[in-house]
Amino acid sequence: MSLNFHENHRLLYGAALATFVALTVVIAIVPARWVQEHTEPLSGSRALTEQERRGLAIYVAEGCLYCHTQQVRPLPVDKPFGRPSAPGDYARLRPQDVWRMTPALLGTERTGPDLSNVAARQPSDTWNYIHLYNPRAVVKGSVMQAYPWLFAIRETPGPGEVIVPVPPDYAPRGGKVVATQAAQDLVAYLLSLKQTPLPGGELPEQAAGAPSGAVTPGASVYAAHCASCHGSNGEGVPGVFPPMKGDPVVTAADPARHIHIVLFGLEHAAINGVNYAAEMPAHKDELSDGEIAAVVDHERTSWGNSAPTVTAADVARIRKQGGP
Amino acid sequence: MPVQRPLAVEKTHIDRIIDVDFHLTRLVYAYVACAAGWLVFGSLVGEYVGIHLAFPDLGVHPFLSFGRLRPIHTNVVLWGWSSLGIIGLALYVVPRTCQKGLASTRLAWASLWLLNAALLAGTVLLAAGVNNGGQEYREFIWPVMGTYALGLLLLAGNLYRTVARRSITEIYIANWYIVAAFLWTLALVVTAYLPWYQNGLGETVIQGYYMHQGVGMWFTPMVLGLTYYFLPKFLNKPIYSYSLGVLAFWTQLLFYTLIGAHHFVFSPIPWWLQTVAIIFSVGMFIPVVAGTGNFLLTMRGSRHALVRSYTVPFLLVGILFYFVGSGQGTVEAFRSLNPLWHFTNFTVAHSHMTMYGFVAFLIWGGIYGLLPRLTGQEPPHLLIGIHFWFALVGILIYGISLMIGGTEQGERWIAGAPFIDSVRLMASYWLWRAVSGSLMLAAHLIFAYNTWRMRPQALPAHTAEAAGESA
Ligand code: HEM
Ligand code: HEM
């Protein structure tokens with residue numbers, strides 16, 4: 001029997017396969033097993049609820065992960081998306097059922113933004129519903145596909161149904177848009193995507209992430225925390241989110257109410273005779289006094305607005321007076 | 001007086017090989033025809049998906065949505081078109097170079113049914129939103145992939161037995177690559193679908209390994225192996241260096257297997273794994289240069305053949321894209337450049353320059369060279385020419401526009417511009433892709449027609465006559 005690769009097919013293919021399998025064990029199976037065994041869920045994190053798990057299944061089935069990553073790299077460019085991801089962030093991921101394996105949430109392409117910490121940026125369920133119904137209704141120029149099949153159209157929505165205030169240009173001719181169970185599950189999952197602080201480490205990087213370049217601090221806080229609802233040019237979304245351009249509170253000489261609303265939020269208030277369908281979230285826990293002063297000034301001096309500006313001390317004073 | 005000039009340089013006609021088994025011809029043709037069908041379908045989906053990115057309100061139905069069609073595109077072109085194409089050619093090349101009939105034609109037919117059944121079922125399930133978890137190229141759930149793997153297993157056994165029974169002493173270098181690729185791929189699929197080490201980040205480690213071994217230990221060695229047969233055959237001269245082929249074989253095996261983690265540079269998977277992957281991504285230079293150099297040196301001095309043959313240009317383009325695409329991959333793995341290009345459309349350019357510029361062109365070269373020899377039917381040379389130029393111009397526009405677009409995307413992110421800027425910016429590049437996609441799609445339709453023109457006719461009367469030219 002020849003010990004020559006050129007002549008002995010058993011030897012040749014045996015060696016080729018054995019080498020491949022050996023390398024596979026060393027480079028793939030052992031490390032995979034090792035990370036699986038050696039990562040614990042972060043303390044302070046929680047498992048997904050039953051509803052959020054159903055939402056994750058829709059996230060996978062609809063292929064959201066081909067456009068969205070869920071991994072923040074330890075690089076300056078990823079700062080806007082949160083703190084760097086840690087192995088523990090994924091420790092709870094398991095196969096969905098006997099047919100399907102662990103979802104590949106980390107992703108390889110960012111056609112859309114990273115979603116690891118999206119609930120901190122987009123905490124409003126209303127925004128998420130409208131966005132899923134048609135992304136262009138809230139973000140001009142978005143290329144994310146629409147998911148109208150996660151919604152139903154009802155002439156007269158029943159009690160307890162989640163009505164989605166789609167802006168008129170994007171709403172169906174007749175009837176009201178309501179969120180199906182699937183949409184509610186998916187949004188519940190999206191709202192669970194909030195990074196847990198690393199034990200002992202720094203707090204999660206704030207979403208603002210002060211990008212470099214000629215952008216002022218106020219503009220960058222606005223882009224990260226306000227623009228999704230009030231529009232990057234302050235034009236809002238008709239019937240859902242009020243415009244900041246020419247808004248009575250924003251252009252008022254006394255800034256107290258402006259600061260108060262940004263700190264503590266607002267709901268069910270008519271603005272210029274319009275009742276807006278969504279709510280304004282509070283920002284007192286996410287933004288510092290300095291950041292709030294910066295963003296308030298940004299609104300007061302942009303898009304043709306020109307109202308007196310404020311300081312961090314003004315914000316601190318109103319914060320101390322407290323509550324809505 | 002007007003000079004009569006042909007529209008294109010006249011190409012040499014290919015003569016039929018006479019001693020070929022008609023049953024094998026039909027088998028090879030069936031694989032190629034199925035491959036062509038999946039190519040047309042898969043690239044139709046690709047073109048649609050690309051346009052959908054630019055016009056997202058185009059088709060609003062679950063079955064017409066980006067998220068469900070993207071995995072259909074990738075799985076159909078990888079497991080349908082590319083795989084059936086290379087297998088079809090291998091079913092001819094292995095027996096030919098062993099000078100022995102295929103061990104079992106019947107089992108090879110069974111494999112074709114299994115592979116097609118899996119592809120069909122997988123496509124329907126993906127459209128229905130049933131996928132394995134969004135892991136690229138292993139989106140088929142295990143019962144589907146199991147069926148596919150069974151088809152591959154039967155083929156592996158079939159080809160292995162053919163080599164084992166060869167009537168010559170030496171195992172030709174093409175068969176090193178081809179049969180080994182089957183074995184590696186089977187091991188790969190098993191590793192990828194066993195669940196015991198794939199919770200949490202374990203899945204990511206395996207996914208990086210799987211994604212790259214899929215392209216690196218299946219498509220790459222298969223087309224390289226085929227080229228080690230077709231190139232010398234079409235040029236009618238021996239391969240430049242047999243030992244370079246052997247060197248490339250072993251280095252490919254040693255280096256490629258280790259570089260999967262370069263898909264997850266800067267991710268939370270273990271840092272040493274990423275470092276190993278990056279180092280060997282550079283090491284890949286050795287097999288790539290050995291392979292490309294060997295082929296190009298074989299072609300040296302064959303200008304005439306290049307101009308006169310309608311198959312050799314396909315091979316030349318494929319070889320050049322192998323070199324360029326791999327170089328592109330190596331630089332993308334560097335920690336210095338990865339932050340610029342990772343997550344951008346630059347990677348999509350790389351995927352197509354390799355899977356299309358490299359793999360698809362070599363398959364086409366093989367098909368256009370082989371089928372007329374088997375069936376005696378040649379498609380119109382002009383149509384082959386149009387196929388070649390449409391596909392080449394198409395992939396060049398595709399690759400260049402997305403490389404520029406991807407770079408700009410990465411620069412925008414680094415500059416800290418609002419995310420939506422990077423989205424709006426891609427719109428014009430995606431339009432270029434739609435243009436290139438149309439060219440490519442047209443090329444594929446022509447290819448499908450040409451394939452039909454090369455179909456085997458009824459058993460010709462003179463087959464029994466004395467053997468003529470042989471491989
Ligand atoms: C008409 C021709 C084609 C067009 C227009 C096209 C278009 C596309 C599009 C739009 C994507 C999704 C990119 C994204 O998510 O941003 C894609 C992905 C992909 N296509 Fe194609 N495609 C074509 C042909 C092919 C062929 C023939 C192959 C393989 C032989 C192929 C292999 C792939 C691969 C591997 C990916 C995944 C890319 C990645 O994740 O980086 N495509 N293609
Ligand atoms: C020296 C050889 C090569 C190296 C070092 C290399 C490197 C890379 C790297 C680093 C990526 C990840 C890019 C990122 O996400 O940032 C990548 C992706 C890819 N490569 Fe290569 N590449 C090589 C050759 C090839 C060849 C020959 C093929 C095809 C036959 C190929 C097909 C692909 C595909 C399809 C992807 C996209 C994977 C995905 O994200 O879906 N590569 N390559």
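Quantities reported herein were computed from a predicted structural model and do not represent experimental measurements. Residue numbering restarts at 1 for every chain, and letters A, B, ... go by the order of the sequence lines.
- Interface remark: R68(B) contributes backbone and side-chain atoms alike to the contact with chain A (heavy atom separation under 4.5 Å).
- Your options are L23(A), V26(A), N134(A), L105(A), and the one with the most heavy-atom pairs under 4.5 Å with chain B is L23(A).
- Taking P143(B), A54(B), P62(B) one by one and counting their heavy-atom pairs under 4.5 Å with chain A, the maximum is reached by P62(B).
- Interface remark: L69(B) contributes no atoms to any contact with chain A (heavy atom separation under 4.5 Å).
- With a 4.5 angstrom heavy-atom cutoff, R136(A) touches chain B only via side-chain atoms.
- Checked by atom type and distance alone, the side chain of Y177(B) pairs as donor or acceptor with a backbone atom of G245(B) at under 3.5 Å.
- Between W413(B) and F419(B), the two ring planes are parallel [angle under 30°; tilted spans 30° to 60°].
- In this structure, the portions of F5(A) lying under 4.5 Å from any heavy atom of chain B include both its backbone and its side chain.
- Interatomic distance, OG1 of T97(B) versus CD1 of I168(B), reported as 6.5 Å (0.5 Å rounding).
- L186(B) contributes atom CG, which lies 10.5 Å from atom CZ of F20(A) (distance to the nearest 0.5 angstrom).
- Contacts with chain B were tallied for M144(A), Q71(A), R92(A); Q71(A) has the most, counting heavy-atom pairs under 4.5 Å.
- Looking at D114(A), there are no atoms closer than 4.5 Å to chain B (heavy atoms on both sides), in backbone or side chain.
- When heavy atoms are compared at a cutoff of 4.5 Å, M426(B) does not approach chain A at all.
- A salt bridge is defined here as a Lys NZ or Arg NE, NH1 or NH2 lying under 4.0 Å from an Asp or Glu carboxylate O, and E7(A) with R166(B) fails to meet this definition.
- Contact check for W142(B) versus L194(B): no side-chain heavy atoms found under the 4.5 Å cut-off.
- P339(B) touches chain A through backbone and side chain together, each having a heavy atom under 4.5 Å away.
- If you measure heavy-atom distances from Y210(B) to chain A, you find no contacts under 4.5 Å at all.
- For the set A227(A), P148(A), G112(A), the entry with the most heavy-atom pairs within less than 4.5 Å of chain B is G112(A).
- Each of A427(B), A180(B), A164(B) has some count of heavy-atom pairs under 4.5 Å with chain A, and the biggest count is that of A164(B).
- Only the side chain of V21(A) comes within contact range of chain B, with heavy atoms under 4.5 Å apart.
- Classified by interplanar angle (parallel below 30°, tilted 30° to 60°, perpendicular above 60°), the ring pair H61(B)/F63(B) is perpendicular.
- With a 4.5 Å cut-off on non-hydrogen atoms, Q207(B) does not touch chain A at all.
- The OG atom of S142(A) lies 4.5 Å from the NE2 atom of H131(A); values are rounded to the nearest 0.5 Å.
- Note: W430(B) leads F55(B), Y256(B), W430(B) in heavy-atom pairs under 4.5 Å with chain A.
- Contacts between T191(B) and chain A at a heavy-atom distance below 4.5 Å involve the side chain alone, from C-beta outward.
- Residue V30(A) does not touch chain B at all, counting heavy-atom pairs closer than 4.5 Å.
- Taking CG from N75(B) and CG from L125(B), the interatomic distance works out to 11.5 Å, rounded to the nearest 0.5 Å.
- Your options are H9(A), E62(A), R94(A), R33(A), and the one with the most heavy-atom pairs under 4.5 Å with chain B is H9(A).
- Chosen from I29(A), T39(A), V25(A), the residue pairing most often with chain B at heavy-atom distances under 4.5 Å is I29(A).
- Side-chain N/O atoms of N338(B) and E332(B) include no donor and acceptor closer than 3.5 Å.
- The nearest pair of heavy atoms linking C226(A) to V295(A) is SG-CG2, 3.8 Å.
- In terms of non-hydrogen atom pairs under 4.5 Å with chain B, the most contact-rich of A32(A), G63(A), C64(A) is A32(A).
- Contact of F280(B) with chain A is not made at all, since no heavy-atom distance falls under 4.5 Å.
- Contacts between F249(B) and chain A at a heavy-atom distance below 4.5 Å involve the side chain alone, from C-beta outward.
- For A181(B), no part lies under 4.5 angstrom from a heavy atom of chain A.
- H52(B) contributes atom NE2, which lies 7.5 Å from atom CG of D57(B) (distance to the nearest 0.5 angstrom).
- Residue W272(B) touches chain A through its side chain alone, counting heavy-atom pairs closer than 4.5 Å.
- Between chain A and the options V423(B), N131(B), I141(B), the largest number of non-hydrogen pairs under 4.5 Å is found for N131(B).
- Taking each heavy atom of I27(A) and T257(B) in turn, the nearest pair found is CG2-O, 3.6 Å.
- Ion pairing of R110(A) with D78(A) is present here, as a side-chain N (NZ or NE/NH1/NH2) and a carboxylate O approach within less than 4.0 Å.
- A donor-acceptor pair under 3.5 Å is formed between the side chain of D97(A) and the backbone N or O of W99(A).
- Proximity to chain A is absent for every atom of Y172(B), based on heavy atoms less than 4.5 angstrom apart.
- Interface residue S85(A): backbone and side-chain heavy atoms are both found under 4.5 Å from chain B.
- Each of P71(B), A187(B), G59(B), A128(B) has some count of heavy-atom pairs under 4.5 Å with chain A, and the biggest count is that of P71(B).
- Interface remark: L183(B) contributes backbone and side-chain atoms alike to the contact with chain A (heavy atom separation under 4.5 Å).
- Using the six-membered ring where Trp is involved, H212(B) and H263(B) have ring planes that are tilted, between 30° and 60° apart.
- Only the side chain of W149(A) comes within contact range of chain B, with at least one heavy atom under 4.5 Å from a heavy atom of that chain.
- With a 4.5 angstrom heavy-atom cutoff, L65(A) touches chain B only via side-chain atoms.
- Heavy atoms of F343(B) lying under 4.5 Å from chain A belong to its backbone as well as its side chain.
- Here I171(B) is the residue among I171(B), N175(B), V205(B) with the most heavy-atom pairs under 4.5 Å with chain A.
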- Going through the checks in order, is the side chain to side chain contact (heavy atoms under 4.5 Å, CB included) test met by T69(A) and L115(A)? CA-CA 6 Å; T69(A) 55; L115(A) 297 184; over 6 Å; no
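- Note that R335(B) lies in the cation-pi zone of W271(B), set by a 6.0 Å cut-off to the ring centre and a 45° limit from the axis.
- Here R100(A) does not pair with E139(B) in a salt bridge; the nearest charged N to carboxylate O distance is not below 4.0 Å.
- In this structure, the side chain of Y59(A) does not engage the main chain of R53(A) through any donor-acceptor pair within 3.5 Å.
- For chain B, the nearby part of A86(A) is the backbone; its heavy atoms alone come within less than 4.5 Å.
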